[in-house]
Participant: 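Next up is a structure, given as structure tokens.
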Protein chains: 2
Amino acid sequence: MTATTRTASRTQMVYDGLRADILSGVLRPGSPLRLQVAADRYQVSMSVLREALTRLVEHRLAVLTPNRGFRVVEVSRADLLELGELLQLLAGLALEKSMRLGDLRWEARVVSAHHVLEHTAQLHQDGSPTDEWVRAHADFHNALGEACGSPRLLDYLRTLLHSSELYQQLAGTPDVDMAEHALAEDRELMVLATTRKTDEARALLDRHVQRSVDWLLDNLPVED
Amino acid sequence: MTATTRTASRTQMVYDGLRADILSGVLRPGSPLRLQVAADRYQVSMSVLREALTRLVEHRLAVLTPNRGFRVVEVSRADLLELGELLQLLAGLALEKSMRLGDLRWEARVVSAHHVLEHTAQLHQDGSPTDEWVRAHADFHNALGEACGSPRLLDYLRTLLHSSELYQQLAGTPDVDMAEHALAEDRELMVLATTRKTDEARALLDRHVQRSVDWLLDNLPVED
DNA sequence: AAAAGCAAGAATATCGATATTCCCTTGCCT
DNA sequence: AGGCAAGGGAATATCGATATTCTTGCTTTT
């Protein structure tokens with residue numbers, strides 16, 4: 001008899017833990033994920049560990065090479081560009097549908113997520129962004145699309161946003177201008193969404209994503 | 001010592017087998033996937049079976065309810081509508097990028113896939129579509145986007161096309177008008193793509209998808 | 001000296017068994 | 001008679017061990 005979980009499966013907990021470790025930089029891109037080591041670290045057997053890793057692979061946060069094991073996914077400028085393109089297209093679609101279909105509860109969810117975002121400390125004392133802020137930022141953008149009524153779209157958007165968290169983590173400290181401008185855009189986005197100004201909101205979201213990608217491209221510490 | 005595979009992992013083979021069985025209708029939507037039964041059927045242990053099933057869940061061909069096991073995914077009109085919307089948007093994007101970036105090898109790939117499609121028997125003697133034709137049709141549409149240079153987009157398109165295979169399988173026998181019209185559109189699509197008529201090709205692809213979805217909606221044997 | 005072959009070690013992939021959870025039946029209480 | 005609770009059976013979830021594969025460095029051969 002062991003102290004067993006009553007709420008979430010072990011696989012789910014390990015998946016969450018691994019994803020958090022990748023997105024926070026504890027596990028660096030490209031580094032191998034040794035099964036025995038990870039199994040000890042997370043106190044689970046290799047079966048559940050492999051199941052969690054398999055899900056990470058499908059979400060493009062890890063890579064599996066047959067008979068050579070799992071590694072944390074690599075990043076690249078090309079992938080970042082693709083990520084931005086898909087985010088513009090799909091986050092825009094989700095936002096538009098949400099503005100058409102969303103009710104008052106959705107508006108409240110958006111306002112709530114934005115409130116958290118605005119009142120979460122953005123930077124550590126050393127200037128790097130806090131995990132909490134990155135998470136709150138992703139959650140706000142998630143909320144914008146949550147009333148779109150399209151489960152597939154929402155699922156895929158979530159994986160895209162997770163990938164974007166990885167790039168933000170790697171790019172490090174944003175300069176003050178960039179940070180303040182992004183915050184102002186987020187606020188305007190919240191206002192436009194809840195007042196159903198569809199075209200303006202989509203246009204602003206496009207610019208918002210474009211600006212983020214451009215900044216990340218300039219600050220990514222990778223060559224290719 | 002057992003006769004071991006030298007080419008693909010067991011998980012990959014089981015995944016391919018399960019997907020084929022779902023898409024060909026051997027495993028019906030909503031039916032439970034008993035682990036022990038499936039493990040015996042595919043001659044593998046539960047670990048590799050669970051890993052294959054986990055991938056199927058991520059690709060939306062199966063569903064996992066904690067402590068209640070895996071089931072084949074359910075279909076619905078709402079999901080089909082969403083599928084069509086995403087296919088129009090993303091297959092259109094992939095096609096456009098391929099027409100911009102594709103070289104002669106891509107054109108050859110498209111022509112080749114279309115040749116196979118055109119010369120594969122479309123219907124069984126009982127009037128139902130053959131698995132080979134459904135597969136060839138999906139492969140042709142896959143080829144159209146293959147030069148887009150966007151791995152994420154291509155991966156996701158593949159999962160969307162797999163889901164569409166499931167709906168086609170369930171809808172059963174197309175009438176002769178529908179079948180011939182679709183074939184004519186596929187041929188025109190091939191011509192427009194290889195002659196780089198971008199706008200016409202996208203417009204036609206949109207209509208092609210829309211027509212398919214409309215027909216599937218009329219012929220799906222589901223209520224909701 | 002260079003290249004091919006071999007062997008030892010390490011890591012992954014797979015397996016079969018055990019522990020846990022859930023469902024359904026049976027019996028008891030009101 | 002109806003409802004609730006405990007128990008048996010079946011299915012899932014998890015584990016630890018075994019088999020397989022890959023890497024690496026050494027030996028052997030030309």
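In what follows, chains are A, B, ... by sequence order, proteins preceding strands, each numbered from 1. As the structure is a prediction and not an experimental result, all values here were calculated from the model.
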Participant: To the nearest Å, how far apart are A:Gln43 CD and D:dT14 C1'?
Facilitator: 14 Å
Participant: Where the side chain of A:Thr130 meets the backbone of A:Ala121, is there a donor-acceptor pair that is under 3.5 Å apart?
Facilitator: yes
Participant: Ignoring backbone atoms, test whether A:Thr11 places a side-chain nitrogen or oxygen under 4.0 Å from the OP1 or OP2 oxygen of D:dA13.
Facilitator: no
Participant: Determine, step by step, whether A:Leu53 and A:Tyr15 satisfy the side chain to side chain contact (heavy atoms under 4.5 Å, CB included) criterion, reporting the C-alpha distance in whole Å, the side-chain angles of both residues, the deciding distance to 0.1 Å, and the verdict.
Facilitator: CA-CA 7 Å; A:Leu53 285 167; A:Tyr15 171 82; over 6 Å; no
Participant: Measure the distance from CZ on B:Arg10 to C1' on D:dT21 and round it to the nearest whole Å.
Facilitator: 13 Å
Participant: In whole angstrom, what separates A:Asp40's CG from C:dA11's P?
Facilitator: 12 Å
Participant: Quick check on the helix from C:dA1-D:dT30 to C:dT30-D:dA1: what's the angle between its two end axes, five base pairs per end, to the nearest 10°?
Facilitator: 0°
Participant: Separation of B:Met13 atom CE from C:dA13 atom P, in whole Å?
Facilitator: 14 Å
Participant: In terms of heavy-atom contacts, does CZ of A:Arg100 have more than 12 from other residues, nucleotides or ligands at under 6.0 Å?
Facilitator: yes
Participant: Specify the separation, in whole Å, of atom OH of A:Tyr42 and atom P of D:dA13.
Facilitator: 22 Å
Participant: May I ask you to say what B:Arg68 touches in the nucleic acid, namely base, sugar-phosphate or nothing, with a heavy-atom cut-off under 4.0 Å?
Facilitator: sugar-phosphate
Participant: Under a 4.0 Å threshold between the charged nitrogen and the carboxylate oxygen, would B:Lys97 count as salt-bridged to A:Glu82?
Facilitator: no
Participant: Within the distance-only criterion (no hydrogens, no angle test), does the side chain of B:Asp103 pair as donor or acceptor with the backbone N or O of B:Trp106 below 3.5 angstrom?
Facilitator: yes
Participant: Is the shortest distance from a Lys or Arg side-chain nitrogen in B:Asp155 or A:Arg60 to a carboxylate oxygen in the other one below 4.0 Å?
Facilitator: yes
Participant: Between C:dG16 atom C1' and B:Leu49 atom CG, what is the distance in whole Å?
Facilitator: 14 Å
Participant: Taking the minimum atom-to-atom distance to the side chain of A:Val44, which one of D:dC15, C:dA13, C:dT14 wins?
Facilitator: D:dC15
Participant: Does B:Asn67 place a side-chain N or O at less than 4.0 Å from the phosphate oxygens OP1/OP2 of D:dT12?
Facilitator: no
Participant: Check whether any side-chain heavy atom of B:Ile22 lies under 4.5 Å from a side-chain heavy atom of B:His162, and answer yes or no.
Facilitator: no
Participant: For DNA chain D, find the residues of residues 29-37 of chain B with a heavy-atom distance under 4.0 Å and give them by number; none if there aren't any.
Facilitator: B:Leu33, B:Arg34, B:Leu35
Participant: Within a reach of under 6.0 Å around CZ of A:Arg68, are more than 12 heavy atoms found that belong to other residues, nucleotides or ligands?
Facilitator: no
Participant: Can you find a side chain N or O atom of A:Ser45 that sits less than 4.0 Å from OP1 or OP2 on D:dC15?
Facilitator: yes
Participant: Expressed in angstrom and rounded to an integer, what is the separation of B:Met46 atom CE from D:dT18 atom P?
Facilitator: 19 Å
Participant: Compare the minimum distances between each of D:dT12, D:dG16, C:dT14 and the side chain of B:Val48, then state the nucleotide with the smallest one.
Facilitator: C:dT14
Participant: In whole angstrom, give the distance that lies between atom CG of A:Leu53 and atom C1' of C:dT12.
Facilitator: 12 Å
Participant: Write down the atom of A:Ala38, the atom of A:Leu49, and the distance for their closest heavy-atom approach.
Facilitator: CB-CD2, 3.7 Å
